[in-house]
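Please read these numbers as outputs of a predicted model, since none were measured by experiment.
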Amino acid sequence: MDSLTSYFPITSPTLIFFVVLLIILFAPIIMGKLRIPHIIGMVLAGVLVGRYGLNILERDSSFELFGKVGLLYIMFLAGLEMDHESLKRNSRRILLFGLLTCFVPLLLTYLMSMWLLGYSPTASFLLGCIMASNTLIAYPIISRYGLQRDSSVMLSVGSSMLSLFMALMMLAALAASYGENAGFGFWLLFLVKFIAFFSLLMVVIPKLVRYFLRRYSDAIMQFIFVLAVMFLSSALSEAIGVEGIVGAFLSGLILNRYIPHVSPLMNRIEFIGNALFIPYFLIGVGMLINVRTLFEGAHMLWIVALIAFFGTFGKALAAYLSSLLFRLPKAAGHMMFGLTCAHAAGAIAMVMVGMRLEVSPGHYLVNDEILNGVVIMILITCIISTLMTEHASQQIVLANSQKLSVNSQEDDEKILLCVKYPDIAPQLLELSMMMRNEKLNRGLVALNVVYDDNLSAKHREEGIHLLEQLQRRAAAGDIQMQTQVRLATNIANGIKHAFREFGASEIIMGMHVHTDISPKFWGEFIQSLYNGLNRQIVLSRFVQPLNTLRRIQVAVPSRAEFEPGFHRWLERLARMAGNLDCRIQFHGRNESLELIREYINNRHPSVRAEYTYMAHWNELPRLAGNISDDHMFVVITARKGTISYKNALERLPNELMQHFSGKNLMIIFPDQHGDAKEESMTFTAAQHQEESSIYDSISRWINRYRSQ
């Protein structure tokens, strides 16, 4: 037996990493069979393999490093996944809940420590500060259920940061009272440093992010850049005397609108964090816990029970009182309590501060008794937090699924993505990811139609290669994609046939634009397509990346609300604005705008929408002066013979070429009733030559804008 224990703790970096990976792999499997949240399994596994358990692993520098990264990652993801508009709209609620969840447990713990444990006022205040703060240790559960933008989650995240900040400030005041630098000058300097830090983040990082994302599209470079911004913000936060998690959270809030929730980049960020860094942090927390102290006597059990009960009861009181004041459902109260009741490494760090404060020679503010009580409290609150958050998440998801079941059954969404050119295909894929209904979890269809001629074999290989690249990008966003390379003697007919075979609901494709002002702006190809299909067609032109757009401006023709496809294009644009977290401005008649406003308020209340009266379609050129380079201009057009069609649409090609050249542009042909007529004409060699010239002109047009 002694010969076996001599091999422990493991010192080989390779074996240490292997054991950690085994824990990350098997903890969810075992906990799943026991129907216990796997986060508890990570913490308990840390207890088991740590120095206070079987002593298999030592909490070395790797756990310090990865554990710190994991904690920063949790706060960064919390900021990254928050809804800015809901955050602004609920700012008063967040402030109230933050004050309650901070001061209610602080007051209860302070009084308990003074009256029941007999601690000094300063030691009681320190213990109260610890219980006033909390760690979002159960946040990975939220990500798994897709509830990041639920109102109760946002209230919990915002109030957690507020309570943590206030607890840290009170702790800093307590520590300063023991030093020589305490006083008005200390706090004035801190205020100046914090304002400078916050201003630097708000001004510099957005400009830096826009500059980088517009020039570099490589997935690895973007991921590394995002992590660098997070760690820089955390380092600056620590430099001014605030915990690094504050900087990580703020950087997540700032980067929020540049990293859409449905993008492959967001998927990579979440994957790396949930697969490695966050589990490392949870295991490291477990390795700090000494369960043996529970068996030191009834006095230790009494201390642990009091600290855990009064701190947790204070968090529960604040959460359920806030949910009643805000008139939220019971499940929201459970969620608010579950997310805000856990304590982790932050509590240990605050205890360590107390252990360095000398109240008298040889005596410190925090003794081993308080340290052990706080450490065991961490285990108890982590278990309560994960169980309650798991339960609340299931209740909220079940309630939401019942509300959406009817709408989901009626939604026939299946997006067909027509691609030909490698330089714009990734942007079209990103656009389709922005517009798709994530809750339905339906895949995309990517189509490449090759003209059947002598070069068809070569073009087919190029099409297969392009679709494989798109399929990998879609997989990075956890989206299934069907692909097809199709040979056809008529490109438009090939698209229409594929559309019907796949049972698609709409088409997204790049815009075919002539370099000169021509009445045949659409070309024979597009005319054949929208005359032969009665479903929605979206034509797009991109000048800069989608995630750098600040505003979407939509021109709506009069009587557009009477078209059968009215709600489809409105829903797609609302999703796009929501995922990009940018403003969307509708220009049209009051009759149309009122229905649009009602739809947005009911279906997408978090979307920042504006409504501007446009008396006549002739005012379209006037809008060009308000379209910036980081805006997307969307034109809702109509087919001839439909109720919203008007003669002014005949001038649309010339107006777009003349006034909106060099702008991000989208043209939408909405759904129509009835069966579209199939055109009996076939493409002659001359027509094929015209089509080829269109593609050539597109290539020249793209190269021209790239050179600019």
Side-chain angles (χ1 to χ4, degrees), residues 414-421 424-425 428 431-432 444-456 459-460 462-463 466-467 470 482-514 518-541 565 635 637-642 645 649-650 652-653 656 665-672 674-699 701-702:
K414 191 171 187 180
I415 298 175
L416 176 66
L417 191 63
C418 297
V419 294
K420 181 175 179 64
Y421 299 101
I424 63 173
L428 292 173
L431 176 64
S432 64
L444 302 172
V445 179
L447 175 70
N448 178 263
V449 181
V450 176
Y451 189 77
D452 191 5
D453 60 4
N454 295 333
L455 298 176
S456 61
H459 292 157
R460 186 174 182 276
E462 293 173 351
L466 173 60
L467 294 180
L470 290 182
Q482 296 174 269
T483 61
Q484 184 184 83
V485 176
R486 192 183 191 97
L487 291 177
T489 55
N490 183 316
I491 302 295
N493 284 342
I495 294 175
K496 288 184 283 188
H497 293 158
F499 184 92
R500 294 185 177 92
E501 288 176 10
F502 285 107
S505 62
E506 58 219 276
I507 293 176
I508 294 179
M509 60 192 306
M511 189 179 300
H512 294 243
V513 181
H514 292 283
S518 169
K520 293 186 177 181
F521 178 82
W522 313 123
E524 296 290 344
F525 166 69
I526 296 297
Q527 289 186 32
S528 173
L529 190 60
Y530 73 69
N531 285 332
L533 286 176
N534 62 350
R535 304 308 297 272
Q536 179 168 286
I537 300 174
V538 179
L539 306 176
S540 302
R541 178 179 79 192
V635 180
T637 185
R639 299 167 174 87
K640 281 188 177 181
T642 58
Y645 183 82
L649 288 173
E650 295 288 345
L652 182 61
L656 293 178
L665 188 61
M666 181 185 296
I667 300 173
I668 299 179
F669 293 88
D671 285 349
Q672 298 298 330
D675 296 326
K677 60 178 181 179
E678 288 292 342
E679 299 182 68
S680 57
M681 59 174 259
T682 57
F683 270 30
T684 62
Q687 290 167 331
H688 169 55
Q689 184 176 1
E690 180 183 357
E691 183 186 273
S692 300
S693 68
I694 292 174
Y695 284 119
D696 293 339
S697 65
I698 292 172
S699 299
W701 180 80
I702 291 171

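- For the residue pair Leu416 and Ala504, the shortest heavy atom distance occurs at CB-CB, 3.9 Å.
- With hydrogens and angles disregarded, a donor-acceptor distance shorter than 3.5 Å links the side chain of Arg639 to the backbone of Pro670.
- Partner of Val538 under the side-chain contact (heavy atoms from CB on, under 4.5 Å) criterion, out of Ile667, Ile507, Ile415, Ile668: Ile668 alone.
- Rounding to the nearest 0.5 Å gives a distance of 12.0 Å between CD of Gln672 and CG of Leu533.
- One distance of note links CG of Asn490 with OH of Tyr451; it measures 8.0 Å at 0.5 Å rounding.
- In this structure, Asn454 CG and His459 NE2 are separated by 10.5 Å, a value rounded to the nearest 0.5 Å.
- Of the inter-residue distances, the one linking Met509 atom CE with Ile424 atom CD1 reads 9.0 Å to the nearest 0.5 angstrom.
- Side-chain contact check for Leu428 versus Ser540: some heavy-atom pair is nearer than 4.5 Å.
- To the nearest 0.5 angstrom, Leu656 atom CG is 5.5 Å from Leu665 atom CG.
- Ser456 approaches Leu487 most closely through the heavy-atom pair CB-CD2, 3.9 Å.
- Nearest approach of Val485 to Gly463, heavy atoms of both residues: CG2-C, 3.8 Å.
- Across every non-hydrogen atom of Ala498 and Gln484, the tightest pair is CB-OE1, 4.1 Å.
- Residues satisfying the salt bridge (charged side-chain N to carboxylate O under 4.0 Å, His left out) criterion with Glu501, sequence neighbours excluded, are Arg486.
- The residue from Val445, Leu467, Leu447 that alone fulfils the side-chain contact (heavy atoms from CB on, under 4.5 Å) condition with Gln482 is Val445.
- Taking the side-chain contact (heavy atoms from CB on, under 4.5 Å) definition, one finds that Ala425 meets it with Val419, Leu466, Leu470, sequence neighbours left out.
- Contact record, Ser505 with Phe499: C-CZ, 3.8 Å, taken as the closest heavy-atom pair.
- From Ser432, atom OG reaches atom CG of Leu444 across 4.5 Å, with rounding to the nearest 0.5 Å.
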